[in-house]
Amino acid sequence: MLEVKKFWSPSCGPCRMLAPIMEKVLLDYPEIKLTDINTDEDAKSGGDNISKYGIRSIPAVFVEKDGVLVDKFLGAKSEQDLRSFFDSLN
């Protein structure tokens, strides 16, 4: 199973731009699970995810297959770029 972990913050402009586009695109990829990780909340609770993934800038998107990292990207992407990215994972 593929899982997309999206690191974001409410105060991040590119994060707010990426979120609705990613949600729309992932409707066409029901085999991919999306996990949103709010970096502000993660930092308040010890920053385990931030540390584990080495997050230095957001938005940051990590894709894991059966718990193993297979791809990632930083920054906002267009709908077309996201579709190409997710198509390349299959």
Side-chain angles (χ1 to χ4, degrees):
M1 173 167 107
L2 288 176
E3 180 179 9
V4 171
K5 294 185 178 184
K6 178 171 56 91
F7 290 83
W8 67 284
S9 169
S11 62
C12 167
C15 298
R16 291 193 310 271
M17 290 172 42
L18 179 63
I21 298 168
M22 183 170 285
E23 289 170 11
K24 176 184 177 186
V25 168
L26 284 177
L27 290 174
D28 294 332
Y29 300 86
E31 71 281 6
I32 299 176
K33 176 187 173 195
L34 174 63
T35 301
D36 279 317
I37 300 170
N38 180 329
T39 55
D40 295 344
E41 295 299 320
D42 190 64
K44 288 178 189 174
S45 65
D48 291 344
N49 286 306
I50 293 170
S51 296
K52 178 180 176 182
Y53 290 90
I55 302 302
R56 292 188 177 171
S57 65
I58 52 175
V61 176
F62 291 77
V63 181
E64 295 179 344
K65 182 174 184 174
D66 301 322
V68 176
L69 181 66
V70 293
D71 210 341
K72 64 182 178 180
F73 69 84
L74 299 174
K77 290 194 176 291
S78 68
E79 181 176 340
Q80 181 178 354
D81 288 343
L82 279 176
R83 289 186 185 284
S84 295
F85 177 79
F86 291 126
D87 285 343
S88 74
L89 299 172
N90 293 325

Quiz item: Between I21 and K77, what is the shortest heavy-atom contact and its length?
Solution: CD1-O, 4.0 Å
Quiz prompt | D71 side-chain N/O to V63 backbone N/O, donor-acceptor pair under 3.5 Å | solution = no
Self-check item: Point-to-point distance, once rounded to the nearest 0.5 Å, from CD1 of I37 to OG of S9
Solution: 13.0 Å
Quiz prompt | Atom pair OG1/NZ of T35 and K6 - distance to nearest 0.5 Å | solution = 10.5 Å
Practice problem: Give the other cluster members for M1, using side-chain heavy-atom distances under 4.5 Å between Ile, Leu, Val, Met, Phe, Trp and Tyr residues; answer none if it is isolated. | Solution: none
Self-check item: Separation between CD1 of I58 and OG1 of T39, rounded to the nearest 0.5 Å
Solution: 4.0 Å
Quiz item: Can you name the nearest heavy-atom pair linking P14 to A76, along with the distance?
Solution: O-CB, 3.8 Å
Practice problem: Could you walk me through whether L18 and L82 pass the side chain to side chain contact (heavy atoms under 4.5 Å, CB included) test, one step at a time? | Solution: CA-CA 10 Å; L18 179 63; L82 279 176; 3.9 Å; yes
Self-check item: Heavy atoms from other residues, nucleotides or ligands near CD of Q80 exceed 12 (cutoff 6.0 Å)
Solution: no
Practice problem: First locate atom CD of E3, then atom CD of E64, and finally report the distance between them rounded to the nearest 0.5 Å. | Solution: 6.0 Å
Self-check item: Co-membership, hydrophobic cluster, residues L74 and V25, 4.5 Å side-chain
Solution: no
Quiz item: F62: what forms a ring pair (Phe, Tyr, Trp, His ring centres under 6.0 Å) with it, not counting sequence neighbours?
Solution: F7, Y53
Quiz item: Do you reckon V61 sits in the same ILVMFWY cluster as Y29, going by side-chain contacts under 4.5 Å, direct or chained?
Solution: yes
Exercise. Decide side chain to side chain contact (heavy atoms under 4.5 Å, CB included) for W8 and N38; before the verdict, give the C-alpha distance in whole Å, the side-chain angles of both, and the deciding distance to 0.1 Å.
Key: CA-CA 5 Å; W8 67 284; N38 180 329; 3.7 Å; yes
Practice problem: Consider only side-chain heavy atoms of I, L, V, M, F, W and Y, link residues closer than 4.5 Å, and tell whether L26 and L89 are in one cluster. | Solution: yes
Quiz item: What's the verdict on side chain to side chain contact (heavy atoms under 4.5 Å, CB included) for F86 and E31, showing C-alpha distance, side-chain angles and the deciding distance?
Solution: CA-CA 11 Å; F86 291 126; E31 71 281 6; over 6 Å; no
Quiz item: Going from OG on S11 to CZ on R16, what distance comes out if it is rounded to the nearest 0.5 angstrom?
Solution: 7.5 Å
Quiz prompt | By ring pair (Phe, Tyr, Trp, His ring centres under 6.0 Å) - contacts of F85 (at least two apart) | solution = F73
Exercise. Measure the spacing between CE of M22 and CE of M17 and express it to the nearest 0.5 Å.
Key: 12.5 Å
